[in-house]
Amino acid sequence: MTARIEVGFMPGVRDAHGCKVQKRIREELALELDEVATIDVYTLDMAVSADELQLLASGPYSDAVTQLYSVNTPLATGYDWIAEVGYKPGVTDNAGRTALEAALLCLGRSLADGEKVYTSRQYLFRGKLIRQDMDLIVTQILANDLIQRHVIGSRQEFAPGCGISLPAPRVKGGENAVVAHIDVEISDDELVQLSRERLLALSLDEMLTIKQYYGRADVLATRKKYCLGGTATDAEIEAFGQTWSEHCKHKIFNAVIDYTDETGKRETIHSLFSTCIKGSTQTIRDRLGSRDWCVSVFKDNAGVIVWDDFYNLVFKVETHNSPSALDPYGGALTGIVGVNRDTIGTGMAAKLIFNTDVFCFASPMYEKKLPPRILHPRRILEGVREGVEHGGNKSGIPTVNGSLVFDDRFLGKPLVYCGTGGIMPREILGNPSEVKLVHPGDVIVMAGGRIGKDGIHGATFSSEELHEGSPVTAVQIGDPITQKRMSDFILEARDRGMYRCITDNGAGGLSSSVGEMAQFSGGCDLDLKKAPLKYSGLQPWEILVSESQERMTFALAPEKLEAFLKLAAVMGVEAMELGTFTDSGLFLVRYGDTSVACLDMEFLHNGLPPLQLKAAWTPPQHEEPQFADPADLTTSLIGLLGRLNICSKEMVVRQYDHEVQGGSVVKPMTGILNDGPSDAAVLRPVLDSMRGVVVSHGICPRYSDIDTYHMTACAIDEALRNFLCVGGSFDRIAGLDNFCWCDPIATDKNPDGEYKLAQLVRANRALYDYSTTYMIPCISGKDSMKNDYVIGDLRIAIPPTLLFSIIGGIDDVRKAVTMDVKKPGDLVYVLGMTKNELGASEYFALHGAIGNGIPKVDAAKAMQLYRALNNAIGQGFVRSCHDCSDGGLGVALAESAFAGGLGMDVDLRNVPGEGISRSDFLLFSESQSRFVVTVARENRSVFEACMKNLSYGLIGAVTPDGAFKVTGLQGSSVIGTDISTLKQSWQKTLEWM
Amino acid sequence: MAVHTVKALVVTGNGTNCEMEMAHACRLGGADEVEIIHIYKLLSGEKKLGDYHFLNLPGGFLDGDDLGSAKANAARLRYARTPKGHSIYEEICDFIDAGKLILGICNGFQLLAKLGLIPSLAGDHGQESTLTFNDSGRFEDRWAYLKVNVQSPCVFTRGLEKLYLPVRHGEGKFVVRDDGVLDGLKKNNLIAVQYCDPDYAGPTMDYPLNPNGSIEAIAGICDKTGRIFGMMPHAEAYLHYTNHPRWTREQLPEEGMGVELFRNAVQYIRKEL
């Protein structure tokens, strides 16, 4: 028997959520309604008396000042339509969990088996609607059928006393735990079929390697000891699927590649990861010698560098693309809380100090028909935004830096990059904080959330393109509060020396976390029967690979177990001992007395044969656009400022808390009205120190249409420019690379795979070349290689995209600089050379063209300029500094001016240029390594002394009124407008958000 | 009676997240001992509220604000007992009766209002006001100009006339149970801070200066004694001039505007408690 409490707003109290829904219905479906109201519903699946229900309804579930409630009777009256939306069975219901906890507290008792509270929400509509409208409203705006259920009722159907309601989404308990045995002595075709049916995403070669393993005599002999034979168990097959997934093993990045360049020259590359990424970091570390600031790179969940004498900095950026395509809110929320765990679970555990987020979407104004299973980009944008808002804000981590990038090829898969930085003492209880150890005999403990069916096959799912059979269970919803409790607990347990090793449960669940930690000791003996479950009915293999969120795995010396479990209990964190780490060389998994898996550790982790792939590079040729240099460029500049990739993202930024933890120095928005676009973030993680962390990034997927080598160079250069603009220092700087690619493996269905792989090769070569010249060691990264949508004959492939993030420091935050011009009369400089580089620029895109003249980075030359700029900023000669990127010099000048609320008068004839004769090209070329800088008149000579022998031009001055004037190369005015016109265009594109 | 060693307590746990900077603010304000204490230590009886003078309830998302902001924690504090059977709520009442200070910021203000500790015009800790969803329906992080009511008995805002602080909330719209409560707030000068224009003239109902649509532009209120104070804007987020959104373009004093509230609290405890 379930009870039902409904809570709504009193008459006269604004229902903000209802108003927001009404607005979305108007804007997105063009339906005008008189009113939309909401009711929160709590369905209690527990034994409670009528008095107790009253207590709960009037106590924790409603607000006596603004809300009304009803118990076991419908609250809604007088509406034309009503819809109730609730979760499907097994989907994480955070509010339900809190409601249950509150009920137990109020009633003063502990949880009885199977007791649950479920939440759902009713939407009440007043207005002229027909059932088809309601279907549209529910499916397009209110509910995601993948994770939610709904019911719709008309006025008649909820006549007084009737109401509508959803039944409690109980998970039906299931059969007994069974370990299935799978014969792998089967034909090639059958092996392929097995991989497909179980969503293993393993190739025939890989399946054959597994088949061979089970045929080995030594393997068979070991298996017999554990009552297993020559067949594989379902859990073992799943463990291979997880451990050997593209997601976990980075098979493409570790492949042997036969590469042919445009001249026909062939060469063999043994692992792009080893040669280009790890290789560049090693080269830099060797050069730095005793100054090397890298502490732990490419081996832990996140990268670690030295911060100061007392602390290390930790940084990781992840992607969560596939889940966000299916359920934008849950996918993005899980993305941010997931990368939080990566950083927490690095070394002996880090305290989280900032988040970053970069999203790539199709245009939210997309008007063409959507292919099957694709959500509208606007809905994805809003869902992802909200997911990251809840994940970041509720975790108390400031979101300090990010971007929104738009290209309609992101329709098939949106990209959701989430990053998290942390800080940890260099030593904890006398030991280096980055060192992880597990001793044989240490206890395996899992803490945090319980295990359910959610997130099964997440790792294998993200290793595939989005297709019709993409599994629903891969989608999950994160729970920031359970995780916050856990992270509070971890830091306390860490400082008390309670555990020896920690890692997070992400992709692959226990199979990965315990499997990875077992490599330190040389084996494990894991008992799945002890694992805490969300509901009964999970099979052992499901417990092993479930990716249910908010879980960490620990290794503890046995004598610490009791104190650890006690501390967890009082801090409201569930923790459970699940077995021991061993040195047996075996990945041994049991369910009570039943053997579930027995795998050779060496084979499981190193038995995967490398992929053999082919890559062939043919430079593309695009048509050069033909259009005249307009006499007046005002319209062009206004048009560019309003483009999606340039316009203000303030409405998104404001919904993220970017100041929590109290160390905010350079915020995402800056300037006289706090609304100009900052280049990078600066924050003080230690409040009694003036040393700041600087975080920036670069991303420019449009350039991949011409050449990914230069795309990569530009992304790295952009990240570095942004970093330098605010005053970041070259000392103790580090990079993170996140590659999101379209499938680079050639097949019949993916005929240009060799070209896409060549694009990857070229991107990696650039990463090596530029990171070593700039001396930015990459410390961590991630790749996501199957960002394609394939249903029927339609393939939508994303443009190859690299997000390059930089983390570093500034010794004294009081020397940081922002991008807004400060004072009338200040001098305006352009630093760096402007060339005829408009290929794949925003200006050409405005004219519907790509062109070929891609911006190229001369890193050695740029480095001289960067050191000079860094010096000038350090000496306090620079009043404002802004980087030139999308939209070139014109956009950078306009943004600097309107952010400062002042005008500008500049002359393009003084811009250092090379091979440019057109004013529009000069103004909108996207040549790299350039800045717009303003300097007080009195500092002219000292500033110019810093820039001696470098490319720079004094192009004009900041003016007191709001006029924005540009003189062109011919000496005549090419722009005459005012900053409010420019700013308005820049702000209006996304102001509806 | 003078207090020589001012002890401040900053409560954290279950989703609170501004504890570090609030503790820092207490130190800058002059508190001699500042402890960040996880709520489990109060619930387990390991720490006692009575050992401190200044209770800080920081911002955050208690229990995810899942049942409405701070609702679940209000229930926790109302009903929880230590293993020895002591009521946490009674401990809080004793703390108040002892004349000590409580400051709730953002989520802490929501908690105070929903526990009925402020304004408590009737003196019975019945809920007279609440913080509900912003009119915009959105969480927003933006800086707000605040006008201080110099007539207010609030000990935290003594000597202050204006403040500029960030708001970071989705549920900050202050509303009252009935007109009687509003009259009581006005009559007793319990409306300590209001959202106002950039020139600190009158209170404003204009968005985004009034970021949430609070009635009477109310940003913070106190009880009649002035010793319990709740406000939505984050005083602990402006402790140093580099926190100010325009510090690179304005001449500002080294110390942020938020420190003064904590200094007032510490001085009150030192001299008047």
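Heavy-atom basis, side chains included; hydrogens, waters and symmetry copies ignored. Reminder, nothing fancy here: chain letters follow the sequence lines and each chain counts from 1.
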For chain A, the option from B:Asp178, B:Asn14, B:Val175, B:Thr132 that forms the most heavy-atom pairs under 4.5 Å: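 Top option by heavy-atom pairs under 4.5 Å: B:Asn14.
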Non-hydrogen atoms of chain B under 4.5 Å away: do they reach the side chain of [X], the backbone, both or neither?
| X | result |
| --- | --- |
| A:Arg879 | neither |
| A:Lys822 | both |
| A:His17 | neither |
| A:Asp15 | neither |
| A:Asp63 | both |
| A:Gln67 | neither |
| A:Glu386 | neither |
| A:Pro480 | neither |
| A:Met651 | side chain |
| A:Leu55 | side chain |
| A:Tyr656 | backbone |
| A:Cys19 | neither |
| A:Arg485 | side chain |
| A:Thr119 | neither |

[X] with [Y]: basic N within carboxylate O range, under 4.0 Å:
| X | Y | value |
| --- | --- | --- |
| A:Asp688 | B:Arg27 | no |
| B:Asp66 | A:Lys394 | yes |
| B:Glu35 | B:Lys47 | yes |
| A:Asp93 | A:Arg97 | no |
| A:Arg654 | B:Asp141 | no |

Polar side-chain atom of A:Asp820 near backbone of A:Asn674 as donor-acceptor pair, under 3.5 Å: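 The answer is no, because no donor-acceptor pair under 3.5 Å joins these two groups.
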Donor-acceptor pair between A:Thr98 and B:Lys71 side chains, under 3.5 angstrom: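 Looking only at side-chain atoms, B:Lys71 and A:Thr98 do not form any donor-acceptor pair under 3.5 Å.
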Under 3.5 Å side-chain donor-acceptor pair for B:Glu171 and B:His169: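 Side chains of B:Glu171 and B:His169: no pair found under 3.5 Å.
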Parallel, tilted or perpendicular: rings of A:Tyr42 and A:Tyr61 (30°, 60°):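 Judged by the thresholds at 30° and 60°, the geometry between A:Tyr61 and A:Tyr42 is parallel.
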Aromatic plane relationship, B:Tyr238 with B:Trp143 - under 30° parallel, 30 to 60° tilted, over 60° perpendicular: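 If you compare the ring of B:Trp143 with that of B:Tyr238, the planes turn out perpendicular.
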Atom group of B:Glu250 that falls short of 4.5 Å from chain A, counting heavy atoms: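 Neither; nothing under 4.5 Å.
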